[in-house]
Amino acid sequence: MVVSVNSQIVQLGSYKVQRGQSSVSGLSSGAFMTVQLHLAHSASFSGVGIIAGGPFRCAETYRRAAAVAEDANIENSLYICMNPLVPQTTPNAQRLAELAHETAKSGQIDAISNLADDRVYIFTGSKDNVVYSDVVARTRQFYELLGVKRTSIAYHDTVPAGHSIITDNPEDSYLPTNQPPYINNGGFMQSHDILNHIYSDLKPPAEQLSGKLLRFDQTEFFGNEERASMSRFGYAYVPRAVEEGAPARVHIVVHGCKQGYNYVEYVNGRADISNSPPYGNRYITTTGYNEIADSNNIIVLYPQAQGTDNGTIQNPDGCWDWWGYTSLNPKQPDYYSRDAIQIKAIYGMLSRLGG
Amino acid sequence: MSIYPPTQPQPEPAKPGIPDLQSVAAQVAPAALGHVLKTHAMLNRSIARTLNNGMFTAGLATHFMDPQIWQELLQLQSAVVQRLQQQNEAWLKGCAILLQDYVQIKDANTMSKLVEKQYNLVAQWNQLLGSQATNLMGLEENIEVDYGYWASQKLNV
């Protein structure tokens, strides 16, 4: 089912949201960001969905990779957190769990103890060659080490899927595909599985949507700073009952690289604006989140990142920051903390909604 | 604002979205120097990493009786061979497609179409070469980083 958005640009509003009951899910860079958001603001979340994502501060696994921290982080991201050669060169979950505790102790993220009763959904396709399954296995280990109960973690690694969020849309790519738009048809809606795992009391998805998909100007949440690498617009689906005052929960959906609404393919290092149309809002309208949200009074928030590739910011694929490209001080990147520009912006949106 | 006319003709302001040629040209010389320095820095980084990895290898020599070390080294090697095989497959596939394109050039009906097809073939060839070179360089970095990381764990450093 496809939902359309009218031409209006609105300001993100406030609703009767139950605090501490929000959740977040994402794919790929959105999954890394999901883990960061979860840890940075664990007091606000009750669960997460991670599709093809690695553990917290994974990019800082092996500092000796390069003399400059910024360069080492990029190389860690590529060769340890995405494509490690063997399982022994995947991130060390034990070390990263200790790092998470240290980060919490220094006050940069919420207390780790908040995670104990959270629900965690983790997925890796067995055909994924963008973020290898060995890395995602470390994410499970990482959460267990932080005190999340084994029974609260749903871990899936047997579906023969490529790097993607899975849907049941006939138009979407063949399941083992590892190519943009990274939305593959596997005969089920993964978004429903995620939300059903996080919230155990959900009703079946709506056949007909009752609410509105809103387009809001998200620049107010990051001061329109270029280094945020975020788009002008964000989106939110608000069910009618919530608009009319019913109590609600918020689920944040964090897209992956090359999936923001205004993403344009970079060809030979330049955005191919003359040939390639912007990606559009397929991730927002066809991945099934809105349908299950509608029948369960859940607001779905879709923040948007955009591609930038200049001397200062190297993010041509419009990925969320999980290796430090937005940090003001490259020697001490803060991309994972409550002060990180993207995390601050998304949390600002959640707070505005009332969560 | 000055009331005097400018003594020299002023350059026309650049159109929005199009960089001003004069100001960009002024940045070329420092940028060229920057490229040289960056390449130098990258080479130095690779050399430093190789030296670092060499020291790790020397450290691992004391563990040469440990079968676990040998087993994991073999795993690393076979992972590298597998990646090279994948790159080779992509190369052969790319060449096959280009050959097919080459055969079809003769079907052009107009001179402009002929030039376009020839140009496309050259561009596709360059793209294939570029992606192979990038992937090969990526694999080299991957090996350097992963080997160093693996060895540092074995040596607890």
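This structure is a prediction, so every number in the text was calculated from the model and none was measured. Residue numbers begin at 1 in each chain, while the letters A, B, ... track the order of the sequences.
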Which portion of B/Asp146 sits near chain A, non-hydrogen atoms under 4.5 angstrom: both
Keeping the roles fixed (side chain from A/Arg64, backbone from B/Tyr149), state whether a donor-acceptor pair exists under 3.5 Å. no
Nearest heavy atoms of B/Val80 and A/Leu85, plus distance in Å: CG2-CD1, 4.2 Å
Test log, rule side chain to side chain contact (heavy atoms under 4.5 Å, CB included), inputs B/Asn142 and A/Leu78: CA-CA 8 Å; B/Asn142 201 335; A/Leu78 294 170; over 6 Å; no
By a 4.5 Å heavy-atom criterion (distance strictly below it), what part of A/Asn76 contacts chain B: side chain, backbone, both, or neither? neither
Within the supplied structure, the quantity of interest is the number of heavy atoms (other residues, nucleotides, ligands) at a distance under 6.0 Å from A/Lys127 NZ; does it exceed 12? no
Please classify the contact of B/Gln82 with chain A as side chain, backbone, both or neither, using a heavy-atom distance under 4.5 Å. neither
Would you say A/Gln314 has more than 12 foreign heavy atoms packed within less than 6.0 Å of its CD? no
Please identify, among B/Ser78, B/Ala41, B/Gly138, B/Ser46, the residue contributing the most non-hydrogen atom pairs under 4.5 Å to chain A. B/Gly138
With distance as the sole criterion, is a donor-acceptor pair present between the side chains of B/Gln75 and A/Gln88 under 3.5 Å? yes
Considering all heavy atoms, the nearest B/Val145-A/Glu75 contact: CG2-OE1, 3.8 Å
Can you list the residues that meet the ring pair (Phe, Tyr, Trp, His ring centres under 6.0 Å) rule with A/Tyr263, with sequence neighbours excluded? none
Side-chain atoms of residues 118-132 of chain B: list all donor-acceptor pairs with protein atoms under 3.5 Å, sequence neighbours left out, distances to 0.1 Å.
{"from": "B/Asn120", "atom 1": "ND2", "to": "B/Glu116", "atom 2": "O", "distance (Å)": "3.4"}
{"from": "B/Ser131", "atom 1": "OG", "to": "B/Leu128", "atom 2": "O", "distance (Å)": "3.2"}
{"from": "B/Gln132", "atom 1": "NE2", "to": "B/Gln87", "atom 2": "O", "distance (Å)": "3.2"}

Please determine whether side chain to side chain contact (heavy atoms under 4.5 Å, CB included) holds for the pair B/Gln86 and A/Asn129, giving the CA-CA distance in whole Å, both sets of side-chain angles, and the decisive distance to 0.1 Å. CA-CA 12 Å; B/Gln86 283 165 357; A/Asn129 64 18; over 6 Å; no
